[in-house]
Protein chains: 2
Amino acid sequence: MTDAVDAGADLFKALGDATRRTILDELADRDGQTLFEICGRLAMKHGLTSSRQAISQHLGVLEQAGLVRTRRDGRYKFHHLDTGPLRALVERWPIDREASP
Amino acid sequence: MTDAVDAGADLFKALGDATRRTILDELADRDGQTLFEICGRLAMKHGLTSSRQAISQHLGVLEQAGLVRTRRDGRYKFHHLDTGPLRALVERWPIDREASP
DNA sequence: TTGACAGGCAAGCAAGCGCTTGCGTATGAC
DNA sequence: GTCATACGCAAGCGCTTGCTTGCCTGTCAA
């Protein structure tokens, strides 16, 4: 286990931005959206004014982190949420399941 | 619930840095360390060369995120890991407990 | 009291990051 | 074919951020 250093650096970096977390929320609410759909719904429901390119770059970061998987069909590119990498995050530190503050 | 926007922004920001994650690893391994202890063990076990002030600032961010709680005793200040905020993180998106790709 | 130890505060700097701007490419409707 | 659509690429800019540097406060041992 050489170092076991920081398995999901990209994962944490991807989750570090508020816009990207909102994108994940959106994909959790409606999976398989295109870039333009995401842009529109972010503007409508969440009041985000980011440009299309900004959202595209965010999606690139999320995809690199493994949180989003894409599927091309013609000129459309659908984005799907993948919460698999989050499991590693959960298991990294011991979380008390009980204990309500 | 005005907006319910992004409950733990500080939390994700705190987890976004690799050094801070290593600090959490250290506290998970040995809870209740002082600043100098943390500095020493980070240098020894993880090869980090950051200064004392750098670590102190990281601990400040972690404390603000609620991941670290401190307790003063004389001139010593002990740092304790609190994984409570991580629960909110776990519950934000649906995580498939099964599913091995 | 003097000294070493543990920690805090604040300014400055360099690197990273998010965002914009502009142009380019591929697919489908007409 | 022509045009609009859906998306990609890359350079540039401003802000944030992590780190260093320097100095200061509080605590305990001698």
Side-chain angles (χ1 to χ4, degrees), chain A residues 5-6 8-27 30 32-43 46-65 67-80, chain B residues 5-6 8-27 30-44 46-65 67-80:
Chain A
V5 272
D6 222 21
D10 289 342
L11 171 63
F12 289 101
K13 187 175 294 182
L15 291 174
D17 184 80
T19 302
R20 284 195 286 268
R21 293 194 294 274
T22 308
I23 292 176
L24 293 182
D25 290 337
E26 249 306 306
L27 287 181
R30 167 184 263 248
Q33 296 188 58
T34 68
L35 174 57
F36 274 65
E37 281 183 278
I38 297 174
C39 287
R41 302 187 57 152
L42 284 181
H46 306 274
L48 295 188
T49 62
S50 303
S51 69
R52 173 183 62 89
Q53 286 82 350
I55 305 298
S56 177
Q57 289 171 2
H58 281 307
L59 286 171
V61 175
L62 289 171
E63 187 172 5
Q64 187 175 345
L67 290 167
V68 166
R69 300 196 179 277
T70 60
R71 171 176 56 88
R72 279 217 84 126
D73 184 17
R75 57 174 165 175
Y76 297 103
K77 185 177 182 182
F78 301 99
H79 301 78
H80 297 269
Chain B
V5 272
D6 223 18
D10 290 342
L11 171 63
F12 289 101
K13 186 175 294 182
L15 291 174
D17 183 81
T19 302
R20 284 195 285 268
R21 293 194 294 273
T22 308
I23 292 177
L24 293 182
D25 290 336
E26 249 306 305
L27 288 181
R30 167 184 264 248
D31 200 41
Q33 297 188 57
T34 68
L35 174 57
F36 274 64
E37 281 182 278
I38 297 174
C39 285
R41 301 187 56 150
L42 285 180
M44 295 300 156
H46 306 275
L48 296 188
T49 61
S50 303
S51 68
R52 173 182 63 88
Q53 286 82 350
I55 305 298
S56 177
Q57 289 172 3
H58 281 308
L59 286 171
V61 175
L62 290 171
E63 187 172 4
Q64 187 175 348
L67 289 167
V68 165
R69 299 196 180 277
T70 60
R71 171 175 57 89
R72 280 217 82 126
D73 185 15
R75 59 176 166 177
Y76 297 104
K77 185 177 182 182
F78 301 100
H79 301 79
H80 296 269

Next on the checklist: Strictly below 4.0 Å: does B/S51 bring a side-chain N or O up to OP1 or OP2 of D/dC19?
Outcome noted: no

Report each atom pair, protein N/O against N/O of nucleotides 24-30 of chain D, whose distance is under 3.5 angstrom.
| unit_1 | atom_1 | unit_2 | atom_2 | d |
| --- | --- | --- | --- | --- |
| D/dT27 | O2 | B/R75 | NH1 | 3.4 |

Checklist entry - Atom CG of B/L48 and atom OG1 of B/T22: how far apart are they, to the nearest 0.5 Å? => result 5.5 Å

Next on the checklist: Please determine whether a side-chain nitrogen or oxygen atom of B/T34 lies at a distance below 4.0 Å from atom OP1 or OP2 of C/dA6.
Outcome noted: no

Checklist entry - Roughly how far apart are B/I38 CD1 and B/L59 CG, rounded to 0.5 Å? => result 4.5 Å

Next on the checklist: Can a donor-acceptor pair be found, under 3.5 Å and without considering hydrogens, that links the side chain of B/R21 to the backbone of B/L15?
Outcome noted: yes

Item to check | Nearest-Å distance for atom pair CG/C1', residues A/L59 and D/dC9 | outcome: 16 Å

Item to check | Side chain A/D17, main chain A/R20, donor-acceptor under 3.5 Å | outcome: yes

Checklist entry - Counting N and O atoms only, with roles assigned by atom type, does the side chain of B/R41 sit under 3.5 Å from a partner on the main chain of B/Q33, one being a donor and the other an acceptor? => result no

Next on the checklist: Just verifying a value: how many Å separate A/T34 OG1 and A/R72 CZ, rounded to the nearest 0.5 Å?
Outcome noted: 11.0 Å

Next on the checklist: What is the separation between atom CD on B/E63 and atom C1' on C/dG7, rounded to the nearest whole Å?
Outcome noted: 13 Å

Checklist entry - So, is B/T19 near the phosphate of D/dC19, with a side-chain N or O under 4.0 Å from OP1 or OP2? => result yes

Checklist outcome for this item: Between the CG atom in A/L27 and the CG atom in A/L62, the distance rounded to the nearest 0.5 Å is 8.0 Å

Checklist outcome for this item: To the nearest angstrom, the CD1-P distance between B/I55 and D/dG18 comes to 12 Å

Checklist entry - Starting at NE2 of B/H79 and ending at C1' of C/dG8, how long is that distance when rounded to a whole Å? => result 11 Å

Next on the checklist: Could you tell me how far apart B/Q57 (CD) and D/dT20 (P) are, to the nearest whole angstrom?
Outcome noted: 9 Å

Checklist outcome for this item: Between B/Q33 and A/G16, whichever has its closest DNA chain C nucleotide further toward 5' is B/Q33

Checklist entry - Distance-only, no hydrogens or angles: does the B/H46 side chain make a donor-acceptor pair with backbone N or O of B/M44 under 3.5 Å? => result no

List, with names and distances, any nitrogen or oxygen atoms from the protein found under 3.5 Å away from nitrogen or oxygen atoms belonging to nucleotides 13-17 of chain C.
| unit_1 | atom_1 | unit_2 | atom_2 | d |
| --- | --- | --- | --- | --- |
| C/dC17 | OP1 | A/K13 | NZ | 2.8 |

Item to check | Residue that, paired with B/T70, satisfies side-chain hydrogen bond (donor to acceptor under 3.5 Å, both in side chains) out of B/H80, B/E63, B/H79 | outcome: B/E63

Item to check | Atom-to-atom span, CG of B/L35 to C1' of C/dG8 - whole angstrom | outcome: 10 Å

Checklist entry - Closer than 4.0 Å, any side-chain N/O of B/S56 to the OP1 or OP2 of C/dG7? => result no

Checklist entry - Given atom CZ of B/F78 and atom P of C/dA6, what is their separation to the nearest angstrom? => result 11 Å

Item to check | Protein-nucleotide distance (B/F36, atom CZ; C/dG7, atom C1'), rounded to Å | outcome: 7 Å

